[in-house]
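First the proteins, then the strands, lettered A, B, ... as listed; each starts at 1. Just so you know, these numbers use all the heavy atoms, side chains as well, and skip hydrogens, waters and symmetry mates.
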There are 2 protein chains.
Amino acid sequence: MPIKEVDLERVRELPFLKTANDDTFRRLIQGAFLQRFPAGTTLLTEGDSVDFLYIVLDGTVELSGTWNDKETILALLGPLSTFILAAVVLDTSALMSATTRDRSDILMISGETLRRAMQEDAAFGFAVSQELAGCYRGLVRSMKSQKLRGGIERLANYLITQRVRQGDVETITLPHEKRVLASLLGMTPENLSRAFASLADYGVAVNGPLVTIGRPVVLTRLAKPDALIDNHAPEVMRGGGKARLEAWPNQPERMTV
Amino acid sequence: MPIKEVDLERVRELPFLKTANDDTFRRLIQGAFLQRFPAGTTLLTEGDSVDFLYIVLDGTVELSGTWNDKETILALLGPLSTFILAAVVLDTSALMSATTRDRSDILMISGETLRRAMQEDAAFGFAVSQELAGCYRGLVRSMKSQKLRGGIERLANYLITQRVRQGDVETITLPHEKRVLASLLGMTPENLSRAFASLADYGVAVNGPLVTIGRPVVLTRLAKPDALIDNHAPEVMRGGGKARLEAWPNQPERMTV
DNA sequence: TTCCATCCTTGATCTATGTCACGGAGAGCC
DNA sequence: GGCTCTCCGTGACATAGATCAAGGATGGAA
């Protein structure tokens with residue numbers, strides 16, 4: 001699948017490619033592939049050695065890990081996310097599997113070329129560091145959420161984050177199947193159902209993939225969102241008024257769709 | 001506290017400084033401080049803006065996060081670990097608090113200088129990327145352990161990792177108080193006690209900070225260690241023989257003490 | 001020595017979460 | 001319509017983990 005001019009322009013706008021000089025950019029693109037995959041395609045299995053940096057141009061990619069016949073989803077990535085960057089930088093094997101959830105257009109950049117470019121174009125190398133730092137901080141946030149909050153609280157905060165991202169609407173649309181969401185939030189589908197049921201007391205009404213947040217203030221009081229865990233970018237949080245809610249800066253961090 | 005020549009040599013050996021050119025190294029050190037802190041000193045509180053990259057030269061530093069009056073330990077760092085690198089690279093505020101657990105010697109490098117150096121010395125910038133990538137992968141491992149394993153399994157794997165790192169000895173020494181270990185493993189101290197008690201059936205005997213692993217094979221059968229979760233570097237795993245145990249490469253990743 | 005503080009352990013109990021089983025709603029198909 | 005499939009919700013139950021309370025061990029400090 002040829003790389004279209006319009007795709008190139010989109011990719012060029014990625015933060016970690018924006019500061020690269022034209023020469024670096026050209027080199028990276030020259031050895032790159034753009035491929036369209038159907039839903040459910042396994043792009044990478046954990047343990048595989050990694051030859052490419054992947055960039056989601058369209059669709060959704062799920063990053064997951066397994067152990068002892070159990071599986072968990074670690075992140076869901078939408079357009080213009082990179083993944084497997086850390087493994088590429090270290091030229092080692094992947095710790096996570098990557099699977100498409102929708103039909104997806106994926107740009108694959110040669111890992112070898114990327115590493116060489118980083119060592120020759122310092123501005124580009126710095127931008128990659130920033131991208132990695134963003135991924136790292138995204139994971140720190142997930143980890144804190146996982147260890148410090150209970151299931152209902154994780155769900156409540158997820159809903160609030162979605163609400164902000166979807167433009168403070170009253171009714172949000174869950175972007176994924178509920179069993180996928182359950183795994184991302186670290187619980188079973190059965191428990192997610194029950195968590196939704198519990199949130200009815202806080203003004204949350206569920207209708208298929210549509211979730212109406214009738215009393216955002218009440219839900220927020222339960223969720224206690226925190227700027228150091230929840231990344232509500234690009235919108236800024238209003239209301240609430242507690243210490244940590246006062247300043248809610250945009251974080252240039254990876255967003256988990 | 002003046003920076004001694006011997007300290008400089010140790011710091012120079014850090015992977016992420018080894019490839020830096022002499023000029024870069026000199027510049028980084030020039031604006032650096034070496035400070036000795038007593039145990040229990042808070043170096044950084046989550047939310048603080050970050051001006052320095054920290055490097056543990058001696059002692060132990062705990063990275064923790066809080067929410068809703070609960071606290072959890074995210075990592076315990078020993079000598080020659082860096083921390084808060086991601087926040088420095090992005091010039092943003094810290095997501096974790098950092099506290100000394102022992103008396104500790106900490107080298108502090110100006111964040112501004114570091115960022116400038118990265119953009120001027122591509123080899124150095126690349127090395128920082130590798131350091132960040134290692135931190136990221138360490139967190140991915142923790143996350144998988146947290147979401148996929150139960151408390152007893154997490155403890156069992158912790159013990160096996162310690163055994164490998166301490167040189168395959170029969171009796172290992174827990175490097176931290178048990179309540180600290182409990183928080184790191186994501187459980188309460190009470191539950192850690194009970195988890196130790198359960199492991200008695202698998203040949204584990206506890207005596208204060210000394211833990212004797214009488215039947216490593218039996219414990220390993222329970223723990224099911226996995227190269228994609230547990231980082232047993234620098235030693236290589238022997239025995240076991242299951243698929244994923246065959247190759248257990250040394251991972252150049254951050255080690256959580 | 002006695003006192004006190006800290007850390008750890010243990011038992012009783014409660015809560016959260018996982019597991020198993022079942023049934024309904026809806027989509028696609030013949 | 002009737003079939004089958006997947007996803008979702010729900011009840012009954014089992015298990016893991018948290019909480020509360022108490023007490024034992026240890027190691028200073030007076």
Worksheet item: When you measure from the side chain of A:N191, which nucleotide among C:dC8, C:dA12, C:dG18 comes out closest?
Response: C:dG18
Worksheet item: Which of these nucleotides, C:dT10, D:dA18, D:dG9, is closest to any side-chain atom of A:V206?
Response: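 For the A:V206 side chain, the nearest candidate turns out to be D:dG9.
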[N] [atom2] sits how many Å from [X] [atom1], rounded?
X: A:L185; N: C:dG18; atom1: CG; atom2: C1'; result: 16 Å
X: B:E153; N: C:dG18; atom1: CD; atom2: P; result: 14 Å
X: A:E190; N: C:dC20; atom1: CD; atom2: P; result: 10 Å
X: B:M187; N: D:dG17; atom1: CE; atom2: C1'; result: 10 Å
X: A:K178; N: D:dT10; atom1: NZ; atom2: C1'; result: 14 Å
X: B:L148; N: D:dA16; atom1: CG; atom2: C1'; result: 16 Å
X: B:L192; N: D:dT19; atom1: CG; atom2: C1'; result: 16 Å
X: A:F196; N: D:dC7; atom1: CZ; atom2: P; result: 17 Å

When you compare the side chains of [X] and [Y], does any donor N or O come within less than 3.5 Å of an acceptor on the partner?
X: A:E46; Y: A:T66; result: yes
X: B:T161; Y: B:D230; result: no
X: A:S93; Y: A:D48; result: no

Practice prompt. Looking at every strand, decide which applies to B:G208 at a 4.0 Å heavy-atom threshold: base, sugar-phosphate, or nothing.
Written response: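 If one applies the 4.0 Å heavy-atom cut-off, B:G208 turns out to touch nothing in the nucleic acid.
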Under 4.0 angstrom between [X] side-chain N/O and [N] OP1 or OP2:
X: A:T188; N: C:dT17; value: no
X: A:S193; N: D:dC8; value: no
X: B:K70; N: D:dA18; value: no

Worksheet entry | Sole candidate of B:I106, B:I84, B:T99 that passes side-chain contact (heavy atoms from CB on, under 4.5 Å) when paired with B:L43 | B:I106
Discussion item. Does A:R194 contact C:dT19 through a side-chain donor or acceptor facing the base, at a distance under 3.5 Å?
Written reply: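 Per atom types, the contact qualifies.
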Worksheet item: Do B:R154 and B:L148 pass the side chain to side chain contact (heavy atoms under 4.5 Å, CB included) test, and can you show the C-alpha distance, the side-chain angles, and the key distance before you say yes or no?
Response: CA-CA 9 Å; B:R154 288 198 296 276; B:L148 290 167; over 6 Å; no
